[in-house]
**Student:** 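This structure is in structure tokens; I'll ask about it shortly.
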2 protein chains.
Amino acid sequence: MSKLTIQNIADLAGVNKATVSRVLNGNTNISEKTRLKIEKIMKEHNYVPNSIARGLAFNKTFTVGFCFDYTDKKAFANPFFYKVLQGIEDVIYDNEYLFLMMSDHDKKGGKSTFERIVEEHRVDGLLLPDTLLNQANYDLLMKHEMPFVIIGEHSLRQEGVRWVDVDNVQAAAILTERLIALGHRSIVMYAGAAEVRRDKFIADRMEGYKAVMEQRGLEARIMEQADSLGALKAFEGGEAGDGGQNPEAVICCTHELLFEMLDWEHGNPMLKEISLATFDNYPMFRHLKHPVHYVEIDLEMMGKQAAGLLFSLINKEADPAQSIRIPTSIVN
Amino acid sequence: MSKLTIQNIADLAGVNKATVSRVLNGNTNISEKTRLKIEKIMKEHNYVPNSIARGLAFNKTFTVGFCFDYTDKKAFANPFFYKVLQGIEDVIYDNEYLFLMMSDHDKKGGKSTFERIVEEHRVDGLLLPDTLLNQANYDLLMKHEMPFVIIGEHSLRQEGVRWVDVDNVQAAAILTERLIALGHRSIVMYAGAAEVRRDKFIADRMEGYKAVMEQRGLEARIMEQADSLGALKAFEGGEAGDGGQNPEAVICCTHELLFEMLDWEHGNPMLKEISLATFDNYPMFRHLKHPVHYVEIDLEMMGKQAAGLLFSLINKEADPAQSIRIPTSIVN
DNA sequence: ATTAATTATGCAACCGGTTGCATTGAAGGA
DNA sequence: TCCTTCAATGCAACCGGTTGCATAATTAAT
């Protein structure tokens with residue numbers, strides 16, 4: 001009973017299945033009478049065309065994918081990430097597409113999920129975090145002419161690489177301005193270990209911070225110790241601040257670094273005198289022992305923009321946007 | 001170049017495409033020689049069969065879906081939820097399936113996402129939160145013979161309804177035992193507003209709490225005010241505790257309720273003397289102004305069990321498990 | 001060496017839609 | 001009235017696979 005095909009409908013209406021197909025796709029060369037009859041029958045029998053067959057004929061899947069690193073701490077392990085997904089999902093729904101989500105399990109013997117998705121043409125377009133776009137994946141995407149948009153700025157400036165990201169330079173600048181407005185002059189940035197600082201978004205935050213400090217005639221100081229424990233130790237000794245003094249404020253580049261600070265605070269009550277600031281907005285910040293300043297990053301907007309850009313690529317719109325930068329605003 | 005079909009491979013190997021298909025599907029009736037030749041050619045040309053065409057022929061999608069309420073605070077808005085998804089994803093990957101995720105946008109004019117997924121047969125099986133299984137959706141699933149598993153215990157005890165959930169009775173019991181072991185005797189449960197308390201998991205937590213209290217000869221007291229503000233007010237006045245006294249510990253049924261408590265704390269420093277406990281483990285708990293006791297809920301396991309159960313339904317295994325309850329353990 | 005049994009492969013239909021082209025039928029023009 | 005034009009519909013091929021059945025090729029048995 002649930003296996004109604006287009007042929008069944010055609011038989012019931014006494015027409016050829018091609019005619020039914022034309023009704024389904026809004027073809028205009030159909031007489032009013034026939035169309036109404038077919039529509040009535042379809043409705044009566046609650047007919048829904050098989051999406052697989054449709055996909056085969058159209059050579060499309062009407063599905064957009066999101067593939068992320070299985071181990072990517074920035075994606076799912078990030079408690080804010082669902083907001084990006086919400087934004088993506090909204091746009092996908094408006095376009096009457098579906099959302100296929102997967103993590104890129106590495107190939108144990110076979111193909112990786114990423115390879116399978118692209119090679120099997122399981123989606124019409126792909127969203128992926130910057131961490132996932134290496135040269136091999138890029139080549140695969142291009143070979144299969146698969147439209148894609150990167151979530152997070154990518155340093156690979158090759159043809160066809162489009163990304164959507166927060167304006168981290170601006171965010172850091174806003175945050176620094178805010179701390180200055182609060183009367184602070186000795187402001188330090190805690191950027192984490194060396195390998196972390198190679199990330200583009202960290203570099204951008206450092207840049208934004210430095211620019212404002214310089215412009216205001218203040219000394220920019222970035223904690224550059226090899227590992228974070230070392231950083232905290234130096235901080236404890238006063239080396240990170242002005243002339244051996246503790247700084248008045250510390251900007252933590254990630255919430256993990258902020259938590260390190262807070263952990264460390266347990267044994268160093270004097271830290272309570274220092275203003276802390278960071279770039280994410282946990283709803284729980286206001287319950288922290290230590291008040292935190294932060295900028296609001298509109299992740300939902302980021303998802304929306306990324307999905308919107310992807311659709312303009314899928315639909316081969318005349319003039320698709322290039323990469324997009326989302327502005328931020330101060331909240332607290 | 002990237003549009004290699006089975007026919008191309010057959011031509012290159014000088015065989016019929018049926019033979020290639022048999023090699024693809026591991027059919028044994030193929031001579032060693034022919035198989036090796038075809039496999040070599042497939043590898044050389046990096047041929048990957050079109051999954052859509054395959055799906056049409058098999059009448060399968062090799063995809064499992066997860067559909068959740070768009071507005072469901074318990075799903076995506078829940079910062080723990082990604083762990084469930086991780087668990088699901090792992091099992092799906094092991095089964096060489098794909099994971100289709102969507103929120104159930106309500107029908108504006110057309111069908112809801114849920115209806116589309118089921119009617120178009122876009123997935124071979126569906127996972128969904130208990131909130132999404134109303135009678136209409138149940139009927140639709142049964143009509144289309146779509147296997148499904150509910151995430152979260154469902155009160156609808158109809159045929160074919162299987163769910164996976166945490167053992168909330170046990171979790172509350174463990175938590176209560178813990179507080180008693182800490183020396184507390186006056187322990188109150190904060191269960192939130194009436195409409196919240198109608199949720200099965202809240203009722204279970206109340207039950208587990210009551211059982212232990214009774215068993216230990218202690219008085220179980222549940223804050224039952226119509227709204228949470230009222231509850232806090234009464235609490236403030238001492239009504240919720242023993243004989244007008246403040247309780248020694250409060251078990252908050254959700255993290256939202258815990259946050260309400262913490263918010264309220266600002267104006268009521270005496271709350272600091274009271275132990276707080278709840279059922280979720282934010283990694284950030286340890287940074288809270290107020291220490292919190294909690295049980296560890298293995299959400300990843302929950303996702304794994306749910307997906308595993310779904311696959312045994314999809315594969316029509318002889319004796320699929322009924323609903324599954326995941327045990328919990330105390331952490332702090 | 002001949003026939004029977006078995007294995008390997010080809011043929012063609014099928015999954016459920018879409019679409020270019022041919023055909024029918026009705027309306028318009030001379 | 002006959003011919004042209006165009007809208008409405010049918011026919012059949014196609015999308016890229018799978019599979020039952022028939023046939024060819026090989027092996028085993030007599």
Side-chain angles (χ1 to χ4, degrees), chain A residues 1-39 41-42 45-63 96 116 119-124 144-145, chain B residues 1-39 41-42 45-63 96 116 119-124 144-145:
Chain A
M1 77 173 320
S2 71
K3 278 251 172 189
L4 220 47
T5 73
I6 198 173
Q7 186 63 60
N8 301 143
I9 300 297
D11 293 345
L12 287 167
V15 299
N16 188 279
K17 64 177 182 166
T19 305
V20 179
S21 174
R22 291 189 182 102
V23 170
L24 277 176
N25 294 290
N27 193 311
T28 49
N29 287 351
I30 297 281
S31 73
E32 190 73 6
K33 200 180 61 172
T34 314
R35 175 156 52 78
L36 289 175
K37 182 171 64 177
I38 292 176
E39 279 172 352
I41 292 178
M42 292 197 301
H45 293 74
N46 200 24
Y47 165 70
V48 177
N50 180 311
S51 63
I52 304 282
R54 222 149 193 245
L56 182 57
F58 278 128
N59 198 26
K60 286 191 73 172
T61 61
F62 302 102
T63 305
E96 305 214 308
R116 282 185 54 202
E119 291 179 340
E120 295 177 13
H121 291 96
R122 298 278 297 230
V123 295
D124 294 345
H144 290 271
E145 297 173 14
Chain B
M1 76 174 323
S2 71
K3 277 250 172 189
L4 220 47
T5 74
I6 197 171
Q7 187 63 60
N8 301 142
I9 300 297
D11 293 346
L12 286 167
V15 299
N16 189 279
K17 62 177 183 168
T19 305
V20 179
S21 174
R22 290 188 184 105
V23 170
L24 277 175
N25 293 291
N27 192 310
T28 49
N29 287 351
I30 298 280
S31 73
E32 191 73 5
K33 199 182 60 173
T34 315
R35 175 154 52 79
L36 289 175
K37 181 170 65 178
I38 292 177
E39 279 172 352
I41 292 178
M42 292 198 300
H45 293 77
N46 200 23
Y47 166 70
V48 177
N50 180 310
S51 64
I52 305 281
R54 225 151 190 244
L56 181 57
F58 278 127
N59 197 28
K60 286 191 74 172
T61 61
F62 302 103
T63 305
E96 305 213 308
R116 281 185 55 201
E119 291 180 342
E120 295 177 14
H121 291 94
R122 298 278 297 229
V123 295
D124 294 345
H144 290 270
E145 296 173 14

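Values reported hereafter were calculated over all heavy atoms of this structure, with side chains retained and with hydrogens, waters and symmetry mates removed. So that the names make sense, note that chain A is the first sequence line, chain B the second, and so on, each numbered from 1.
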**Student:** Working to the nearest 0.5 Å, report the span between OG1 of A:Thr61 and CD1 of A:Ile52.
**Tutor:**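 If we round to the nearest 0.5 Å, A:Thr61:OG1 and A:Ile52:CD1 are 9.5 Å apart.
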**Student:** Expressed in angstrom and rounded to an integer, what is the separation of A:Asp11 atom CG from C:dG16 atom C1'?
**Tutor:**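 Atom-to-atom, A:Asp11 to C:dG16, this comes out as 13 Å.
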**Student:** Between D:dA13 atom C1' and B:Gln7 atom CD, what is the distance in whole Å?
**Tutor:**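 For the pair B:Gln7 CD and D:dA13 C1', the rounded distance is 15 Å.
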**Student:** Report the distance from atom CG of B:Asn59 to atom C1' of D:dT19, rounded to the nearest whole Å.
**Tutor:**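 Rounded to whole Å, this separation is 14 Å.
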**Student:** Using the side-chain heavy atoms of B:Leu56, tell me which of these nucleotides is nearest: C:dC15, C:dG17, D:dG17.
**Tutor:**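 Side chain of B:Leu56 sits closest to C:dC15.
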**Student:** Rounding to an integer number of Å, can you tell me how far A:Lys33 NZ sits from D:dT9 P?
**Tutor:**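 Answer to the nearest Å: 8 Å.
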**Student:** When the distance from CD1 of A:Ile52 to C1' of D:dC15 is rounded to whole Å, what number comes out?
**Tutor:**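 To the nearest whole Å, that distance equals 13 Å.
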**Student:** Mind calculating the distance between CE (A:Met42) and C1' (C:dG17) to the nearest angstrom?
**Tutor:**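 Distance check: A:Met42 CE to C:dG17 C1' gives 13 Å.
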**Student:** Report the nucleotide, chosen from D:dT18, C:dG16, D:dT9, that has the shortest atom-to-atom distance to any side-chain atom of A:Arg22.
**Tutor:**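 Of all the options, the side chain of A:Arg22 is nearest to D:dT9.
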**Student:** Hey, which sits more toward the 5' end of DNA chain C by its nearest nucleotide, B:Asn16 or B:Ala53?
**Tutor:**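 The residue whose closest nucleotide sits nearer the 5' end is B:Asn16.
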**Student:** Would you tell me if any nitrogen or oxygen in the side chain of A:Thr5 comes within less than 4.0 Å of OP1 or OP2 on C:dC15?
**Tutor:**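 No, A:Thr5 has no side-chain N/O under 4.0 Å of OP1/OP2 on C:dC15.
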**Student:** Using whole Å, report how far CD1 of B:Ile30 lies from C1' of D:dT26.
**Tutor:**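 Interatomic distance, CD1 of B:Ile30 to C1' of D:dT26: 15 Å.
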**Student:** Side chain of B:Lys17, base of D:dG16: donor and acceptor closer than 3.5 Å?
**Tutor:**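 By the distance-only test, no, there is no pair.
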**Student:** May I have the distance from A:Ile38 (atom CD1) to D:dG10 (atom C1'), rounded to whole angstrom?
**Tutor:**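 The answer, rounded to whole Å, is 12 Å.
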